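Letters go in sequence order (proteins before strands), and every chain restarts at 1. For clarity, every value in this text was computed on a predicted model and none was experimentally measured.
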Amino acid sequence: MTTLLTFFIKESIMRPMKRLFIFVFCLLGLVIFLWQAGDGEKTTTQAIFRMNLTAEPPTLDWSLATDNVSIRVIENLMEGLASYDEALRPQPAIAEGWDISPDGRVYTFYLRGDVFWSDGKQVTAHDFEYAWKRLLNPETASEYAYFLYDIKNAAAYNAGKIKDASLVGVKALDDRTLRVDLKKQAVYFPSITTFTATFPQRKDLIERFGDRWTSPENLVVSGPFLLAEWRHEYRLRLVANERYYGGRPALDEVIFYVVSEETTALTLYETGDLDRVSLPPIAIPQFKTHPDYVHAPFLRGYYYGFNLQIPPFDQVKIRRAFSMAIDRTEIPKILKGGEIPATSWIPEGMFAHNAKIGLSFNPEKARRLLADSGYENGVGLPPITLAFNSDPTNQLIAENIQAQWKKNLGVTILLDNLEWKVYLQRLREETPQIFRLGWGADYPDPDNFMNLFTSTSGNNYTHWANATYDQLISDAASEGDPKKRLRDYNRAQRILTESDVPIMPLFFAAQNLLISPDIEGLKVNAMDFIHLKKVRRRDVNREDAKKVKP
Amino acid sequence: MQSIFVLRFRRDPLAVLSLIVIVVLLLISVFGDLITPYAHDLQNADKSLLAPSAEHWMGTDLLGRDLFSRLIYGTRISMAVSLLTGFSALLLGTCYGAISGYVGGRLDNLMMRGVDVLYAIPDLLLIILITVVIGRGITGVFLALSLVGWITVARLIRGEVLRLKENAYVEAARAFGVKDMRILIKHILPNTLGVLIVTLTFRIPSAILAESTLSFIGLGLTPPAASWGSLANEGWKALKFYPHLIVFPSLAIFITMLAFNFLGDGLRDMLDPKQHKG
Amino acid sequence: MLSFIFRRILWAIPVLWIVATLTFLMMHLVPGGPFDREKKLPPEIKANIEAKYHLNKPIITQYGLYLKGLLRGDLGPSYKYLGRTVNDVIADTLPVSIQLGALALLIALTLGLAAGMASGAFAQTPWDKLSMFFATAGISIPNFVLGAFLILVFSHHLKIFPPALWEDARSVVLPAFALALAPAAYIARLTRSSVLEEKHRDYVRTARAKGLPEARILFGHILKNAIAPVVTILGPLAATLVTGSFVIEFIFSVPGMGKFFITAVTNRDYPLIMGVTLVYALLIVVCNLVVDVFYTLIDPRINLG
């Protein structure tokens with residue numbers, strides 16, 4: 001055998017196949033060359049935090065970002081006038097503090113003098129004024145413009161009824177003073193200024209770079225991290241901002257990988273390639289005893305909305321029938337993550353939560369309602385489209401509810417799943433008959449949840465408008481007396497989930513996470529904020545890291 | 001003549017076994033309803049993700065559906081799609097290849113250049129592009145697969161026809177004034193039957209592969225319709241914890257492809273014994 | 001020789017043109033333009049968007065503009081990634097796909113040639129039968145099944161290799177092998193039958209009659225000639241690897257062109273779909289060209305026609 005081998009090598013490799021082997025070596029060379037061209041700058045002593053995002057962020061423009069993936073990244077790049085403490089109370093951030101006029105309608109924010117953009121310019125009140133007016137400008141077409149509707153003339157300007165932006169009640173009095181005039185009292189206004197859509201922006205850069213202002217080579221920020229790299233559909237790399245006014249973060253680098261498959265992400269956690277991962281429903285039973293397991297409540301509601309503009313959901317009876325035909329207790333059985341079935345909309349853990357509100361499971365009554373509308377046992381009702389964004393959880397719920405409606409009402413449901421960005425566009429432009437959405441709290445006040453379905457909300461895709469509801473939400477927002485406020489919200493919730501039913505709440509979510517023991521200071525909160533400025537790695541010796549770095 | 005083939009075929013146990021497997025699969029896809037213990041889309045939230053047991057032979061999926069029943073149902077869809085596309089690709093390809101080869105000259109040149117162009121686009125990519133245009137779902141997948149599958153067949157048949165048309169009996173028929181169409185159908189194509197059968201047995205596994213791949217990456221069938229590919233896709237998401245969900249659909253695909261490939265090898269050796277002898 | 005290469009390059013141009021036209025037509029056959037549904041946007045903004053992408057012009061003008069762009073190597077803007085062009089996307093992703101494909105080709109050639117030659121040389125032995133059984137099994141396993149299986153064993157259970165990402169040498173192993181196995185099996189089968197065919201040639205009989213040792217006949221003559229058909233299929237094989245890479249890139253979250261193609265399809269990002277298709281076609285045409293030229297190099301008897 002050995003002689004055969006030497007013979008083989010001598011006779012065949014050396015001569016006749018020489019050319020084939022040259023080809024093979026060329027291939028090898030190509031592989032190695034491309035490899036070198038890829039990465040070269042890795043140091044193991046760097047403190048790097050790695051986690052996954054479930055999708056590519058649709059945008060990093062904080063006037064346009066509405067989804068939690070984009071927001072998660074932006075929150076680590078930028079900061080607003082205020083930010084939350086651990087108990088989710090707004091605390092001064094870029095603003096040193098603020099004054100509120102006695103009638104509660106004028107807020108004056110005083111900015112710190114030591115906050116700088118990453119290109120060295122100071123963050124001024126003018127940057128806030130520009131950003132807020134850009135958010136409200138109808139040409140920006142921002143869905144979160146309504147966040148600032150409490151400001152005088154903001155809604156009218158956003159709707160195009162006022163053309164003059166200077167009439168909007170936000171004004172930089174000087175570089176460090178921002179005056180905000182509200183149309184009425186809004187007790188939660190400081191909370192609003194913690195939200196990404198209200199972060200400052202640089203007029204000069206946005207005008208210079210256009211759509212490309214958020215790309216890594218152009219993006220100028222003022223938060224704890226800088227955007228170093230954005231490899232689309234793959235990863236975003238953030239590096240520590242040395243000039244961050246709150247002090248340089250302990251982490252040198254943050255890497256967000258785009259991994260949409262949750263089980264893949266989980267395995268990456270296990271192979272040591274990720275430091276934090278959210279558990280897919282299927283994995284929760286096995287990992288409940290894992291030492292890294294973290295369970296926390298989550299101010300996040302999950303609902304199906306109806307498009308009231310197209311039949312059959314222009315009929316309220318049919319909407320009620322659909323809502324009543326769902327046994328919501330099946331959901332935690334499938335998702336297995338401690339979800340709370342819900343028929344009302346304000347989540348547990350928030351003011352004015354009331355589990356008794358809403359339409360409970362009643363298949364007989366649901367069938368009767370449907371029959372009253374002329375579709376006994378679903379006969380005569382054309383198939384109905386239920387749309388959701390591609391995600392295993394959404395798929396599971398959709399298939400379950402599809403089967404429940406078939407069983408309890410006899411109706412046929414077609415499922416349509418779309419990639420997130422396309423899905424959002426579809427909601428805006430051609431709302432499906434039934435659509436899935438979730439809502440995570442932007443600020444821990446019922447206003448954030450209830451405001452969603454007012455007729456002026458950019459996130460209300462149902463085409464539902466109810467003046468009484470709008471009035472109740474608006475009253476509750478400026479109501480100082482908790483008892484009266486509670487009454488308003490109860491009434492509003494009944495309109496939303498019992499009488500008009502533009503949406504049917506399904507459940508409130510829970511967080512099920514694994515966090516690496518090497519990571520310190522990653523606080524889990526009910527709003528799923530991931531603020532990485534205070535996070536550090538235990539396994540990296542800072543002194544060593546300093547030596548390696550130039 | 002016939003019996004020599006059969007004899008030779010019988011001496012290839014793998015091919016015989018493969019044929020049996022295929023016949024069983026066909027029976028399952030026709031009479032599957034009789035053996036499925038549950039409806040393929042029957043959900044039972046209390047019984048989600050059970051491991052294989054006496055009650056659920058292959059376990060259940062996340063929604064508590066019986067995997068065995070779903071797999072049987074998927075067999076029907078996968079087999080139907082691949083057989084239909086195999087045949088229609090064969091039909092299209094034979095017509096195209098026969099005309100191109102028989103007429104010859106400029107037309108042949110032109111037609112083959114067309115095939116060359118299509119060869120420049122990877123099959124799967126072309127299939128995806130077609131499903132984008134005609135839409136997903138079973139018809140979209142079927143049309144796309146047929147529209148792509150014929151290309152290989154056309155090349156093969158053209159080669160055969162080119163070879164056969166030089167034969168003396170074709171010359172003779174032409175001399176007697178037999179119409180071209182008749183020569184092609186009566187005298188040439190029957191002689192390509194062997195090649196056709198072998199091609200078909202290789203077209204079918206390609207179709208199975210393409211369909212399951214398409215469904216696996218989520219561009220094929222839409223739920224609750226299930227093919228082996230879409231079942232594997234569902235199982236893929238649960239791979240880590242419930243491997244039975246991907247193992248069974250994968251096995252089904254694998255065994256079927258293996259059977260068709262072995263059968264194809266056997267048939268080819270049988271029809272062209274020169275290749276076989278080592 | 002040169003004129004042959006020149007003619008082949010000339011022929012590539014109409015092929016690419018037809019592919020471009022075909023994909024253009026297909027993408028415009030899809031009912032409704034990508035921005036047709038923008039009901040909520042003010043009409044002037046919708047008009048702006050349409051004007052930006054020339055969607056307000058007649059289709060023939062759009063086609064003209066598209067071809068004009070192609071001549072300049074400009075594949076147009078992406079609809080999905082605001083502010084990025086298809087060229088940007090391809091520049092980011094093509095190197096990754098080529099890297100993966102080249103590595104897989106390397107593995108496939110090594111495994112396939114070795115197994116095929118051994119099988120052919122020792123035909124009808126148990127070794128041959130076993131290796132051919134595995135080869136047939138290899139072409140019968142869809143690569144997503146293989147990928148899933150590799151992940152199950154090496155990531156989930158052994159926890160050696162990550163199931164996704166594209167970071168270091170560790171993350172390349174699984175996708176490259178998953179992609180390489182089917183081509184390796186195919187090469188093995190082809191090499192074997194080619195070796196068997198060569199065994200019966202006259203020159204082998206002559207060599208044997210001259211009393212040359214069997215081993216020398218095998219390695220000195222048979223294998224040398226048996227390589228030729230393998231080289232001819234390298235072009236189509238490269239295509240197979242490219243096609244296979246869709247699924248593999250999808251499974252292993254590799255940021256290559258295939259993964260982007262799939263997302264482009266789900267997003268209906270038409271310019272990106274057209275661009276990627278064209279780049280694939282170009283890749284295949286170039287592969288075939290290189291292989292043809294290469295083939296004439298290793299076997300000078302080939303008639304260049």
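Between C/Ser140 and B/Asn261, the side chains place a donor N or O and an acceptor N or O closer than 3.5 Å (distance only, hydrogens not considered).
Using a 4.5 Å cut-off between heavy atoms, B/Ile217 touches chain C through backbone and side chain atoms alike. The part of B/Pro243 that comes within reach of chain C is its side chain, from C-beta onward, which places non-hydrogen atoms under 4.5 angstrom from that chain. Looking at C/Phe261, the atoms closer than 4.5 Å to chain B (heavy atoms on both sides) all sit in the side chain, from C-beta outward. For C/Ile141, the parts lying under 4.5 angstrom from a heavy atom of chain B are both the backbone and the side chain. Only the side chain of B/Ile128 comes within contact range of chain C, with heavy atoms under 4.5 Å apart. For a residue to count as touching a neighbouring chain, one of its non-hydrogen atoms must lie under 4.5 Å from one of that chain's; by this rule C/Thr23 touches chain B with the side chain only. The contact between B/Ile246 and chain C is made entirely by side chain atoms (from C-beta outward), counting heavy-atom distances below 4.5 Å.
Here the two rings, on B/Phe262 and C/Phe133, have centers that are under 6.0 Å apart.
For the atom pair CG of B/Leu258 and OG1 of C/Thr136, the computed distance is 7.0 Å after rounding to the nearest 0.5 Å. Taken from CG in B/Asp265 to CE in C/Met132, the straight-line distance is 10.0 Å, to the nearest 0.5 Å. Note that OG1 of B/Thr213 and CG of C/Asn143 are 6.5 Å apart. Values are rounded to the nearest 0.5 Å.
Taking the six-membered ring where the residue is Trp, B/Phe216 and C/Phe250 present perpendicular rings, their angle passing 60° and hence far from 30°.
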Exercise. Apply side-chain contact (heavy atoms from CB on, under 4.5 Å) to the pair C/Phe246 and B/Leu124, showing each step before the final yes or no.
Key: CA-CA 9 Å; C/Phe246 285 95; B/Leu124 190 60; 4.1 Å; yes
Quiz item: Given the rule in the side-chain contact (heavy atoms from CB on, under 4.5 Å) test, do B/Arg113 and C/Trp11 qualify, once you have shown the distances and angles that lead to the verdict?
Solution: CA-CA 10 Å; B/Arg113 288 295 95 112; C/Trp11 165 234; 3.0 Å; yes
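Within a 6.0 Å radius of CZ in C/Phe149, no more than 12 heavy atoms belonging to other residues, nucleotides or ligands are found. Sparse packing is recorded around OH of C/Tyr186, with 12 or fewer heavy atoms of other residues, nucleotides or ligands lying under 6.0 Å away. Heavy-atom neighbours of C/Phe134 CZ from other residues, nucleotides or ligands within 6.0 Å: at or below the threshold of 12.
Each of B/Ile130, B/Leu209, B/Leu129, B/Thr256 has some count of heavy-atom pairs under 4.5 Å with chain C, and the biggest count is that of B/Leu129. Taking B/Ile121, B/Leu118, B/Thr131, B/Ile255 one by one and counting their heavy-atom pairs under 4.5 Å with chain C, the maximum is reached by B/Ile121.
The shortest side-chain heavy-atom distance between B/Trp236 and C/Ile251 falls under the 4.5 Å cut-off. When side chains are defined from C-beta on, C/Phe144 does not count as touching B/Ser250, because their heavy atoms never get closer than 4.5 Å. At a threshold of 4.5 Å between non-hydrogen side-chain atoms, the residues C/Ile139 and B/Met257 do not count as touching.
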